[in-house]
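One structure is given here, and the rest of the page talks about it.
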2 protein chains.
Amino acid sequence: MPHRILSDVKLPDFKDRPTKEGDILRTAEKLFMQFGYKRVTVEEICREANVSKVTFYKYFNNKYAVLEDYMQSRLKLGMETFERIRNADATLQEKMQAMIAMKGSAISQFSPVFIHSLADSDEALIDLMNRWTDMGMQAMRQFFMDAQVKGEIYPEYSVDFLLHIWTVVGNDARSEVIMKMYGDDMVKLSQDFMNFLFYGTTGPPQEDK
Amino acid sequence: MPHRILSDVKLPDFKDRPTKEGDILRTAEKLFMQFGYKRVTVEEICREANVSKVTFYKYFNNKYAVLEDYMQSRLKLGMETFERIRNADATLQEKMQAMIAMKGSAISQFSPVFIHSLADSDEALIDLMNRWTDMGMQAMRQFFMDAQVKGEIYPEYSVDFLLHIWTVVGNDARSEVIMKMYGDDMVKLSQDFMNFLFYGTTGPPQEDK
DNA sequence: GAATTATTTTACGTTTTTTGTTAAATATTA
DNA sequence: TAATATTTAACAAAAAACGTAAAATAATTC
């Protein structure tokens, strides 16, 4: 059931939500990803999001409600986006680039810390998330294996190593530090990351365009 | 003032401490780095370190005492080690490899999260740490700039980008996931990381030994 | 510009978490 | 066997986080 143009792919974030509620969700996402669910307090979310506690409790019953809301949106959007990229008419490199350029590199949607912190939360949520994560990892593994067979990737790396690096660098690509560094020049950002992923510090071969 | 053989360089960890005290320090380090100082509780340190609370309070007055102890050792050892590598008779690549192979990649001694979490702690500690961090970053920047001039590094990358990637990948090199992945095959680990840093997924040129 | 709605500030009582200590039981080491 | 180290369990005290209320400001809408 393929196809759509790759540049068409975009992950909408929570930007469609009314400001304050969106601020809360975006901030919670950031904090959850970095520190896990439990370590983050609602007071902290409020502080970081520039939202007062009253406003918070106007939109959400408690921290857990934010988690549910966040997970639901992210999973839905993430799955759609990933499938589109997967089925797109494009080379491996183009697809990887699309995933990086995308806010939240699709495949590493949830940080290890976050996943771990959910150990004793709602069963249904965890299951859903695990299924999604597994599916993503599986697909990514396939990407890398194919590319290795085709000789596009150095065959000595273990697939697990590549998978891990991809996760780490992917997560980093949307970190605050990087964002500040590149402003909104997402093109340059994803270019640099792609070059680095493919060619390391040595940089791309010189016989370019 | 230079010189010593590079392979001579090793960062002793807290291994010289009697078991339980060492366990506490090592565990605290890991947790502090990942989550910052404030978010970590002494009960958590105890749990992770397999040490009872009474034993903890036998060796340390409180969490802050652990922090001080940890910082002091790390800074001292880190500075010595870094200086040795810096002054060693070796190529840039060899030096970088040495830093990665070293437990704790010297330059990115302290995680951003940890540093940030110290915002409202003891002045003296913070100053010390900042001086050390700045020094390290400065030196690393010099490394990269030199290498770029010499053509060893793709000149299109900004030094800030390289510095950041180095920090991220360096931090990752000692993450749990990676450790589990490589067991204790530190040679293969640092080899893979070096290859990746220098040549990306494409891997090293084929005219090898 | 008046009325409505959204948001913040402050304050507070309640609940939960974390702290640090005690005493007794169990391992470990010399 | 004696001395030392460590753990378990229980606990009071302190600190942190929760969730709500009332009144004051800000922003929006009509």
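Just so we're clear, the structure is a prediction, and the values are computed from it rather than from any experiment.
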Any donor and acceptor pair, going by atom type alone, linking the side chain of A/Tyr37 with main-chain N or O of A/Tyr64 inside 3.5 Å?
-> yes

Can you check whether A/Asn50's main-chain N or O pairs, donor with acceptor, with A/Lys20's side chain at less than 3.5 Å?
-> yes

Between CD1 of B/Ile24 and P of D/dA5 the distance, given in whole Å, is 14 Å

When you look at B/Tyr70 and B/Ile24, which way does the side-chain contact (heavy atoms from CB on, under 4.5 Å) test go after all the steps?
-> CA-CA 10 Å; B/Tyr70 159 66; B/Ile24 293 171; over 6 Å; no

Flag, side chain of A/Thr27 to backbone of A/Asp23, donor-acceptor distance under 3.5 Å | yes

Would you find a donor on one side and an acceptor on the other, under 3.5 Å apart, between the side chain of B/Lys63 and the backbone of B/Val40?
-> yes

Nucleotides 7-21 of chain D: protein proximity per nucleotide (B base, S sugar-phosphate only, - neither; heavy atom, under 4.0 Å) | BB--------SBBB-

In whole angstrom, give the distance that lies between atom CZ of A/Phe60 and atom P of C/dT7.
-> 12 Å

When the distance from OH of B/Tyr59 to C1' of C/dG20 is rounded to whole Å, what number comes out?
-> 18 Å

